Q: 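Dumping the structure here so I can ask a few things about it.
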Amino acid sequence: MADITPPVVLVVDDNDDTRVMYAHLLRAAGFEVKLATNGDEALTAADDDGPAVIIMDLAMPGLNGWEATRRLKTGERTKDIPVIVLTAHALDHYREVAVAAGCDEFLSKPCTSEDLVAAVRRALARG
Amino acid sequence: MLHEFLTVHRDDLIARARVKVAARSAPRASQPELEHGVSLFLDQLTETLRCEQTSSTRTTHLEIARGAAMHGGELRRAGFTIAQVVHDYGDVCQAVTEVAVELQAAISPDEFRTLNRCLDEAIAQAVTEYASQQERSLAELGTQRMGFFAHELGSLVANATLAFEALQTGRVGVSGSTGAVLGRNLVRLRHLIERSLAEVRLEAGLHRRDLVPLTELMEEVGLAAAIEAKARGFQLTITAVEPGVVIEVDRQLMAAALANLLQNAFKFSRAQGHVVLTTDTSKPDGRVLIEVEDECGGIAPEIAESLFRPFQNRTSNRSGLGLGLAIARESVKINGGEIRVRTLPGEGCVFTIELPRLLVGAKEWCAPQGSNSPPAN
C-alpha cells in the first residue's frame, strides 16, 4: 500500500502569530506541520522528527536562525533536510549570511501563501 | 626650530595647557580630555610643524592633511566634541606662546605665523574628518534603524496578509483565532507607525502642545488597548478619569507614549494576564499621574532605569527595536512631564507618567461633547 503520510514541515519562528498562520496555510495545502520557537528547539525537532522541510526565521532569541541553519547543514542526521529561510530582514547582508550558512532557499516576508507552498514543493521535489 | 622647542618643553606645555582646559567654563573639560587630549593635540601640532619646517611644500600639505584626518578620527572615537577640539587646540597654542615669551625663546615672527597656519590647518582637517566620520556613523545608524523598522513592518504585514487570505477562503470565521491574528497585527502595525511618527517628530523638533482634555486622551488610548487586550486574551481594567481635567501636551506624542507602555504591558505580562490603566488627578500639587501596571513578574530594581535607554530589551523577547521606552520618555519630557518605573517583586511593574495639570482657567474651558477644537483666543 502506498505511503500517504503527508510530508512534515517544521516551522521555526519566535512570533506566535507567524507560527500559527504558517501552520494554518501549510496544513490547508496538505502538509503535516510541527512548530519550534527558536533554533535550539529546531535542532531538537529536526533530530527527533526528521521533517521533510524546515522553514526558518532568522532573528530569534537564544539560538538564531543563521546558526541553527549552519548546524543543521553540518549535522549528520539533518544535513540533507532542505532549509527555507523566511525572514522580514531587509538588508542584503542577512541573505548573504543565510546562504553562507547553507540555506536552500531565501524568501522575504511578507510572502504570499502560494509562494511559500511553492517553495516547500520545490524543496520536496529536489529531495 | 619651533617644533624642536615644542618637543623640548613638552611636559611644561602640557601642564600649562591642562590648567587652561580645566579652567574653561564652556565647553566643560572631561577627564579623558585632560589626561590624554591635551598631549594628543600638542603632539599633533608638533608633528605638523615638523613637517612644515623640514619637508617640501607638497609633502607638507599631504602629511598635514593625512595626519590631521587621522587625528580627527581619533578625537571622535575618544568622544571629543567639535567645540572641545577647537578650544583645546587654542589652549595649547596659548601655552606655547606663554612659555616662549617667558623663556624669551628665539622664535621668529615667521615661526609664529607658521604656528598659527599649522594650527588653522590642524583644526580645519581635524574638524572636517570628525564631521565626516560623524556623518557616516549617523548614516549607518539610520540605515540600521530603517532596516529594523522594515523588519518589524514586514513581520506584521506578513501575518496580517496571511490571516486575511485565510479569511477570504471563507473556511474560517472572522470572529475566530484567524480574525484575532488579523486584528492583533493591524493594531501592532498602527502602534509601530505611531511610534515611528513620534520618533520622527521628536527628532525634527515638530511638536506642538495643545489643550487636551484628559478624558479624550485616555478614551483614545483605551480604545486601542481594549482591542489589543481582547485579541491577546488579556483582561484590561481602565479606571474612570475625572472629567474637566485638561493637560497641555502634544496629543500624538502623548498617545504614542501611552500606547507604547500598554503594548509593553501586554508583551511582557504572563499569558492571559491583567493589565491596569489608571489616572490619578487628586495630587495636592496638581500633577496628573497616569499609570500602567502589568504582570511581568517584576524586574530587578537596579535595571529599572536602564529600560529607558535605547536598544534595551526587558527579556529575551526580542521582537521590537528596544526604542519604545526611550522614545516614550523623550515624548513625556517634551510635554513637561516625567516617566518612571517601579517594580512589584514577583508580580509586575508599574510605569508612571507624571504631567503638569492646567489649573488656571481649565474649568472655564468647556469643550462641547465630541469637539476636538480648543477655544478661540
Side-chain angles (χ1 to χ4, degrees), chain A residues 11-30 33 35 37-41 55-67 84-98 106-120, chain B residues 140-173 176-189 192 228 231-234 266-268 271-272 311 313-322:
Chain A
V11 174
V12 188
D13 201 301
D14 61 322
N15 185 294
D16 296 341
D17 286 345
T18 303
R19 285 197 311 277
V20 161
M21 291 317 306
Y22 287 145
H24 174 88
L25 79 90
L26 287 167
R27 283 176 186 136
V33 178
L35 301 174
T37 63
N38 59 46
D40 286 307
E41 286 183 18
I55 294 173
M56 180 79 76
D57 186 22
L58 288 180
M60 294 182 287
L63 191 69
N64 63 41
W66 291 280
E67 181 58 24
I84 300 171
V85 160
L86 179 52
T87 178
H89 273 298
L91 302 175
D92 285 343
H93 171 69
Y94 291 94
R95 176 191 289 262
E96 285 159 13
V97 178
F106 186 100
L107 296 178
S108 294
K109 290 178 189 173
C111 164
T112 64
S113 48
E114 288 84 11
D115 286 345
L116 181 59
V117 170
V120 170
Chain B
E140 276 166 21
L141 189 62
T143 301
Q144 190 186 46
R145 282 163 74 164
M146 279 301 297
F148 276 123
F149 176 79
H151 175 264
E152 290 260 301
L153 201 61
S155 290
L156 296 173
V157 169
N159 291 342
T161 303
L162 290 174
F164 178 68
E165 283 179 3
L167 290 168
Q168 271 190 313
T169 65
R171 289 198 290 268
V172 291
S177 59
T178 306
V181 167
L182 178 59
R184 201 153 52 230
N185 282 273
L186 287 175
V187 167
R188 285 176 197 164
L189 263 170
L192 177 68
E228 177 93 19
R232 285 182 182 251
F234 271 81
F266 295 129
K267 183 173 164 184
F268 293 109
Q272 296 172 326
F311 307 111
N313 270 296
R314 222 194 286 194
T315 66
S316 60
N317 184 339
R318 300 237 171 249
S319 60
L321 293 168

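Note that the coordinates shown come from a computational prediction; the quantities given were computed from them, not determined experimentally. Throughout, protein chains are lettered first and strands after them, A, B, ... in sequence-line order, and every chain is numbered starting at 1.
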Q: Would you mind checking which part of A:Ser108 comes under 4.5 Å of any heavy atom in chain B, side chain (CB onward), backbone (N, CA, C, O), both or neither?
A: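 Interface part for A:Ser108: neither.
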Q: Atom CG in A:Asn15, atom CG in B:Leu156: separation rounded to 0.5 Å?
A: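 Going from CG on A:Asn15 over to CG on B:Leu156, the span is 7.5 Å.
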Q: Restricting to non-hydrogen atoms, name the atom on B:Val157 and the atom on A:Pro110 that form the minimum distance, rounded to 0.1 Å.
A: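 Shortest heavy-atom separation between B:Val157 and A:Pro110 comes out as CG1-CG, 3.8 Å.
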Q: Salt-bridged, B:Arg188 to A:Asp17, with N to O below 4.0 Å?
A: yes
Q: Measuring from B:Asn185:CG to A:Thr18:OG1, what's the distance to the nearest 0.5 Å?
A: 7.0 Å
Q: Report the C-alpha separation of B:Thr161 and A:Thr112 in whole Å, then their side-chain angles, then the decisive distance to 0.1 Å, and conclude whether the side chain to side chain contact (heavy atoms under 4.5 Å, CB included) test is met.
A: CA-CA 8 Å; B:Thr161 303; A:Thr112 64; 5.7 Å; no
Q: For the residue pair B:Val181 and A:His24, establish whether any side-chain heavy-atom pair is separated by less than 4.5 Å.
A: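 Heavy-atom side-chain distance check fails, nothing below 4.5 Å.
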Q: Which atom pair, heavy atoms only, marks the closest approach of B:Glu165 to A:Ser113?
A: OE1-OG, 2.6 Å
Q: With sequence neighbours left out, write down each residue that passes side-chain hydrogen bond (donor to acceptor under 3.5 Å, both in side chains) with A:Thr37, or none if nothing qualifies.
A: A:Glu41
Q: Take a 6.0 Å sphere around CD of B:Gln168 and say whether it holds more than 12 heavy atoms from other residues, nucleotides or ligands.
A: yes
Q: Can you name the nearest heavy-atom pair linking B:Gly154 to A:Lys109, along with the distance?
A: O-CB, 4.0 Å
Q: Is there a side-chain contact between B:Ser177 and A:Val20 in this structure, where contact means two heavy atoms from C-beta onward sitting under 4.5 Å apart?
A: no
